[in-house]
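Below is one structure; the comments refer to it alone.
It should be emphasised that the depicted structure is a prediction, and the values quoted were computed from it without experimental measurement.
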There are 2 protein chains.
Amino acid sequence: MATDMPQKDIETIVKDQDLIGRRHLQICDAALKLFSRKGFHRTTVREIAEACGLGIGTLYSYIKTKEDILHLVYRRILESFEARMLEATRGIQDPRLQLKAALEETLKIYDECQDVVLLLYQESHALGRQGLQGLFEVDRTYVGFFREILDRGIRAGQFAVKEPHLLAVCILFLCAVWDLKRWNLQGYTLETVIESLTTLILNGISADPLVKLQPQ
Amino acid sequence: MATDMPQKDIETIVKDQDLIGRRHLQICDAALKLFSRKGFHRTTVREIAEACGLGIGTLYSYIKTKEDILHLVYRRILESFEARMLEATRGIQDPRLQLKAALEETLKIYDECQDVVLLLYQESHALGRQGLQGLFEVDRTYVGFFREILDRGIRAGQFAVKEPHLLAVCILFLCAVWDLKRWNLQGYTLETVIESLTTLILNGISADPLVKLQPQ
DNA sequence: GGAGGCCGATCGAGCGCTCAATCAGGTGCG
DNA sequence: CGCACCTGATTGAGCGCTCGATCGGCCTCC
């Protein structure tokens with residue numbers, strides 16, 4: 001599962017693989033905080049070095065360019081998202097309930113990590129072509145996950161969807177509204193959003209319109 | 001209509017208001033192309049000056065900072081979006097049809113102006129607080145427009161929506177999927193997306209589930 | 001002649017990145 | 001054990017450069 005994404009392995013001066021791993025974690029932690037607060041462009045490499053307790057030169061022993069740091073951060077984030085997602089929906093049989101659970105978990109993740117999601121949407125264009133391809137790949141597996149749920153629901157006759165892939169993309173995208181439009185959603189709670197989106201989507205794709213979730 | 005948004009009027013050296021207006025248009029046109037192609041940060045003021053046929057010094061007679069240019073561009077874009085939107089839905093009585101028309105027009109705009117929409121989502125954080133407030137204001141009127149349609153539909157008993165504002169935000173946001181996730185939507189046509197989103201949303205909020213649009 | 005608009009050479013702050021010097025820990029030898 | 005040696009990680013001053021912004025002189029038109 002995405003463990004073998006197109007790695008674009010970062011060139012390092014240092015040889016020790018174990019050390020590289022630890023340092024990369026260190027760098028990610030520091031960079032993530034700074035990027036979230038100030039954005040990628042406004043954060044200097046010096047700041048990152050200072051924040052993770054390394055000299056600039058040392059930092060550059062573990063990366064080749066500033067962009068590499070962004071790449072590290074993204075990779076780490078998306079892997080953790082995907083893991084949580086799989087964990088939260090594993091073993092649910094009913095497609096309707098599984099979709100509901102997937103939506104709920106994604107929104108919870110997005111709620112906890114709003115800084116990160118903003119970073120993903122706003123700064124990803126700072127990556128080069130190769131870096132973007134890597135991101136796309138991960139996103140595709142995430143979307144593919146929603147798509148599988150939709151497909152199962154369609155086969156079971158519960159969902160009426162003509163373009164499952166398109167819809168999967170839309171559903172996942174819609175979750176980001178909570179982060180990208182939060183300034184226009186003040187006053188709403190996470191629970192309200194979960195409920196509203198779930199209702200909208202489940203009703204929107206339901207094959208049997210009489211079985212409405214949360215009819216009220 | 002948004003003509004009196006919090007203007008954050010740009011300080012200029014030049015006095016002639018008419019000239020300022022023309023020059024600002026000139027600057028917008030040039031900057032928009034460059035920003036779309038290279039993003040805000042990677043575009044230099046020198047390039048903008050050259051592209052709009054002004055000297056750097058002259059350009060700086062019509063703005064105070066580089067950020068001002070972004071602000072000008074955004075203002076112009078959003079005003080034109082709103083105008084098209086109003087034009088396309090004016091006079092439609094049935095809330096269902098009006099919502100459908102609003103969705104369709106928004107998606108068409110977003111299709112034509114994908115560079116611009118990307119710019120809006122990716123670079124808006126380069127604006128200061130004041131600039132952002134201005135954007136938010138315009139976005140709110142745009143959202144408010146969808147909200148009015150929803151409210152009318154609710155009063156008419158056609159829509160079952162608990163949180164109309166939240167839903168309006170979601171609907172408008174969802175349209176951006178066509179631009180922000182286009183790399184994952186290759187192969188789909190604008191028409192397919194319009195149809196799928198319209199179906200999803202109208203079914204998702206319909207009070208009477210038996211009246212499905214495009215049941216097929 | 002002077003006010004208003006135009007110009008681009010110039011400034012200097014700030015950036016990503018390098019590299020020669022330094023340090024720490026392991027290894028072999030007497 | 002102690003010393004010499006070596007490899008590889010660490011350091012930060014500084015290089016080269018870019019960019020936003022300025023400023024003083026120039027042109028044009030009333």
Please tell me if [X] has a side-chain N or O lying less than 4.0 Å from either OP1 or OP2 of [N].
X: B:Ser61; N: C:dG5; value: no
X: A:Tyr62; N: D:dA9; value: no
X: A:Thr44; N: C:dC15; value: no
X: B:Tyr60; N: C:dG8; value: no
X: B:Arg23; N: C:dC6; value: yes

Nearest to side-chain heavy atoms of [X], which nucleotide of [options]:
X: A:Lys66; options: D:dG12, C:dG16, D:dA9; value: C:dG16
X: B:Leu19; options: C:dC6, C:dG8, C:dG4; value: C:dC6
X: B:Leu54; options: D:dG20, C:dC17, C:dC7; value: C:dC7
X: B:Thr58; options: D:dA9, C:dC11, C:dC6; value: C:dC6

Round to the nearest Å and state the distance from [X] atom [atom1] to [N] atom [atom2].
X: B:Ile63; N: C:dC6; atom1: CD1; atom2: C1'; value: 15 Å
X: B:Lys15; N: C:dA3; atom1: NZ; atom2: P; value: 10 Å
X: A:His41; N: C:dC15; atom1: NE2; atom2: C1'; value: 13 Å
X: B:Asp68; N: D:dG20; atom1: CG; atom2: C1'; value: 12 Å
X: A:Ile48; N: D:dG12; atom1: CD1; atom2: P; value: 17 Å
X: B:Asp16; N: D:dT28; atom1: CG; atom2: P; value: 19 Å
X: A:Ile56; N: C:dT22; atom1: CD1; atom2: C1'; value: 16 Å
X: B:Leu59; N: C:dG8; atom1: CG; atom2: P; value: 13 Å

Pick out which of B:Glu105, B:Glu79, B:Glu104 makes a salt bridge (Lys or Arg N to Asp or Glu O under 4.0 Å) with B:Arg84.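 Among B:Glu105, B:Glu79, B:Glu104, the one that satisfies the salt bridge (Lys or Arg N to Asp or Glu O under 4.0 Å) with B:Arg84 is B:Glu105.
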
Between A:His125 and A:His41, how do the two ring planes meet: parallel, tilted or perpendicular, split at 30° and 60°?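 Answer is perpendicular, since the angle exceeds 60°.
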
Hey, does the side-chain of B:Arg22 have a donor or acceptor N/O within less than 3.5 Å of a partner on the base of C:dG5?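 Counting by modelled atom types and ignoring angles, no donor-acceptor contact under 3.5 Å is found here.
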
Quiz question: going by heavy-atom distance under 3.5 Å, is there a donor-acceptor pair between the base of D:dT11 and the side chain of A:Arg46?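 No.
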
Main chain of B:Arg182, side chain of B:Tyr188: is a donor-acceptor contact present, judged purely on distance under 3.5 Å?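 Between the backbone of B:Arg182 and the side chain of B:Tyr188 there is no qualifying donor-acceptor contact (under 3.5 Å).
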
Is A:Thr43 touching bases, backbone alone, or none of the nucleic acid, heavy atoms closer than 4.0 Å?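 Sugar-phosphate contact only - A:Thr43 comes under 4.0 Å of backbone atoms but never of a base.
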
Distance from B:Leu103 atom CG to B:Ile194 atom CD1, nearest 0.5 Å?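 Taking CG in B:Leu103 and CD1 in B:Ile194, the distance rounds to 9.0 Å.
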
Between A:His24 and A:Val73, does the side chain to side chain contact (heavy atoms under 4.5 Å, CB included) criterion hold? Intermediate values first, please. CA-CA 9 Å; A:His24 276 178; A:Val73 169; over 6 Å; no

